[in-house]
Visitor: 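One structure coming up, written as structure tokens, with questions to follow.
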Number of protein chains: 2
Amino acid sequence: MEKKKLKLQYIENKNTRRVTCIKRCNGLLNKTRELSILCGVDVCTIIYYPNSNVAVTWPESEQQIKKIIFEFENKPNNSKFDRQFDQKSYLTQCVKKSKDKLDKRREKNRELDMENIVTDLLNGKPIEDVFFGDLNDLLTVINSKMNMIQHRLKLLHENTTNNPL
Amino acid sequence: MEKKKLKLQYIENKNTRRVTCIKRCNGLLNKTRELSILCGVDVCTIIYYPNSNVAVTWPESEQQIKKIIFEFENKPNNSKFDRQFDQKSYLTQCVKKSKDKLDKRREKNRELDMENIVTDLLNGKPIEDVFFGDLNDLLTVINSKMNMIQHRLKLLHENTTNNPL
DNA sequence: CGCGCTATTTATAAAAA
DNA sequence: TTTTTTATAAATAGCGC
């Protein structure tokens with residue numbers, strides 16, 4: 001049943017689309033209900049079935065839906081349009097956060113690259129084939145690995161000494 | 001990381017609830033977006049964060065949300081309240097459907113019970129310990145298993161004959 | 001059509017960092 | 001506390017009846 005990874009685009013095949021629609025509508029309403037119960041949040045979901053005049057909703061009661069809509073339309077501090085901070089500092093913050101994340105990713109990628117190189121070496125790749133620029137980082141990785149190994153050996157030793165079973 | 005099966009009830013622990021809320025709000029908005037894109041459905045989700053005046057929504061644009069709400073409030077054949085059939089026959093139908101489902105479940109459970117008994121027997125439980133009332137069903141299960149085995153043996157034989165690799 | 005199944009993907013609870 | 005990771009539960013695509 002070779003289920004392929006979801007491509008997020010309009011499903012052209014009519015029947016497939018219908019089936020998916022039914023499944024996902026149920027899923028969505030269920031998720032809405034769960035969020036409401038688990039976290040005590042005011043939440044509503046309204047779905048219009050295509051080519052029909054039928055709307056399905058959660059909560060199911062028309063009254064409750066109207067209450068939530070009413071709140072939405074009348075709350076002064078509505079939605080995300082009204083921030084506690086001005087637009088510029090908000091954006092600055094966002095950019096900084098993204099940069100930090102990117103840096104972490106890069107670091108992580110670099111580590112993984114190094115691990116791959118180590119694996120290649122262990123599999124017989126000659127050290128001469130490693131790019132010169134990688135050698136420094138490689139050394140760092142190897143040192144850190146050595147430290148880990150020594151640390152674990154020490155723990156193991158302590159364990160064996162204290163619990164000589 | 002023993003994640004237990006979700007108990008659908010208000011999460012008392014404040015921190016747990018907050019974390020769950022953030023995750024599930026994101027999940028819910030994402031599911032809403034996916035349904036909309038995959039199936040081309042008009043759909044919206046509105047969430048009020050607890051203890052705040054902030055609402056998060058999908059679609060994000062206030063204009064689009066208002067459009068969907070407007071539809072909801074003005075469509076004549078709104079929602080499930082307007083059925084094509086009268087209430088009584090609808091309920092009768094529902095009850096019958098549920099009963100059928102229950103019967104199927106019972107049957108399935110019975111099968112699983114029998115399989116457990118077979119397992120116990122194979123593990124050395126004496127046949128005398130099996131309840132008398134179960135013996136008949138047990139025989140049925142065993143016969144069906146035997147048929148399956150014979151069927152597969154047959155297939156295997158055909159395969160070997162046709163493709164004598 | 002709608003149900004049930006199952007391989008996979010996705011979501012997420014809880015632990016670790 | 002927030003973030004990341006990990007392991008498990010839940011959703012669901014594709015298929016057959």
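Throughout, a chain's letter reflects where its sequence line sits, starting with A, and its residues are numbered from 1.
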Visitor: Tell me whether B/I47 is reachable from B/V19 by hopping between hydrophobic residues (I, L, V, M, F, W, Y) whose side-chain heavy atoms are closer than 4.5 Å.
Guide: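 In one cluster with B/V19: B/I47, no.
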
Visitor: Excluding sequence neighbours, so at least two apart, what forms side chain to side chain contact (heavy atoms under 4.5 Å, CB included) with B/T20?
Guide: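 So B/T20 forms a side chain to side chain contact (heavy atoms under 4.5 Å, CB included) with A/C39, B/I11, B/T16, B/R24.
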
Visitor: What pair of heavy atoms forms the shortest contact from B/L35 to B/V41, and how long is it?
Guide: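 Minimum heavy-atom separation between B/L35 and B/V41: O-CG2, 3.6 Å.
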
Visitor: Quick check: does any side chain N or O of B/Y48 sit under 3.5 Å from a backbone N or O of A/I68, one acting as donor and the other as acceptor?
Guide: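 Yes, the answer is positive, given that a donor and an acceptor are paired below the 3.5 Å cut-off.
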
Visitor: Any salt bridge (charged side-chain N to carboxylate O under 4.0 Å, His left out) pairs touching residues 8-21 of chain B, not counting sequence neighbours?
Guide: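 Sorted result for residues 8-21 of chain B: empty, none.
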
Visitor: Taking side chain to side chain contact (heavy atoms under 4.5 Å, CB included) as the test, write out the residues that go with B/N26, two or more places apart.
Guide: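 Result, side chain to side chain contact (heavy atoms under 4.5 Å, CB included) vs B/N26: B/I22.
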
Visitor: From C-beta outward on B/T16, which listed nucleotide comes closest to its side chain: C/dA14, D/dG14, C/dC1?
Guide: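 Comparing C/dA14, D/dG14, C/dC1 against the side chain of B/T16, the answer is C/dA14.
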
Visitor: For A/I11 and D/dA13, what is the distance between atoms CD1 and P respectively, to the nearest whole Å?
Guide: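 Rounded to whole Å, this separation is 7 Å.
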
Visitor: Taking DNA chain D as the partner, which of residues 20-33 of chain A come within under 4.0 angstrom of it by heavy atom?
Guide: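 By residue number: A/T20, A/K23, A/R24, A/G27, A/N30, A/K31.
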
Visitor: Which residues pass the side-chain hydrogen bond (donor to acceptor under 3.5 Å, both in side chains) test with B/T45, sequence neighbours left out?
Guide: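 By the side-chain hydrogen bond (donor to acceptor under 3.5 Å, both in side chains) rule, B/T45 matches A/T45, B/T32.
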
Visitor: Five pairs at each end of the helix from C/dG2-D/dC17 to C/dA17-D/dT2: take the axis at both ends and give me the angle between them to 10°.
Guide: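 The helix from C/dG2-D/dC17 to C/dA17-D/dT2 shows an end-to-end axis angle of 30°.
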
Visitor: Quickly work out the B/L35 CG to C/dT10 C1' distance and round it to whole Å.
Guide: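 In whole Å, C/dT10 C1' and B/L35 CG are 16 Å from each other.
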
Visitor: List for me each residue that meets side chain to side chain contact (heavy atoms under 4.5 Å, CB included) alongside B/K67, sequence neighbours excluded, and say none if there are none.
Guide: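 Result, side chain to side chain contact (heavy atoms under 4.5 Å, CB included) vs B/K67: B/D42, B/E71.
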
Visitor: Can you pull out the residues from residues 36-44 of chain A that lie within a 4.0 Å heavy-atom distance of DNA chain D?
Guide: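 Of all residues in residues 36-44 of chain A, none places a heavy atom under 4.0 Å from DNA chain D.
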
Visitor: Taking only the side-chain nitrogens and oxygens of B/R18, find out if one of them lies under 4.0 Å from OP1 or OP2 of D/dT1.
Guide: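 Looking at the OP1 and OP2 atoms of D/dT1, neither is under 4.0 Å from any side-chain N or O of B/R18.
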
Visitor: Going from CG on B/L8 to CD1 on A/I37, what distance comes out if it is rounded to the nearest 0.5 angstrom?
Guide: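 One gets 4.0 Å once the value is rounded to the nearest 0.5 Å.
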
Visitor: Between A/W58 and A/S36, which heavy-atom pair has the shortest distance, and what is it?
Guide: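 Nearest heavy atoms, A/W58 then A/S36: CH2-OG, 3.4 Å.
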
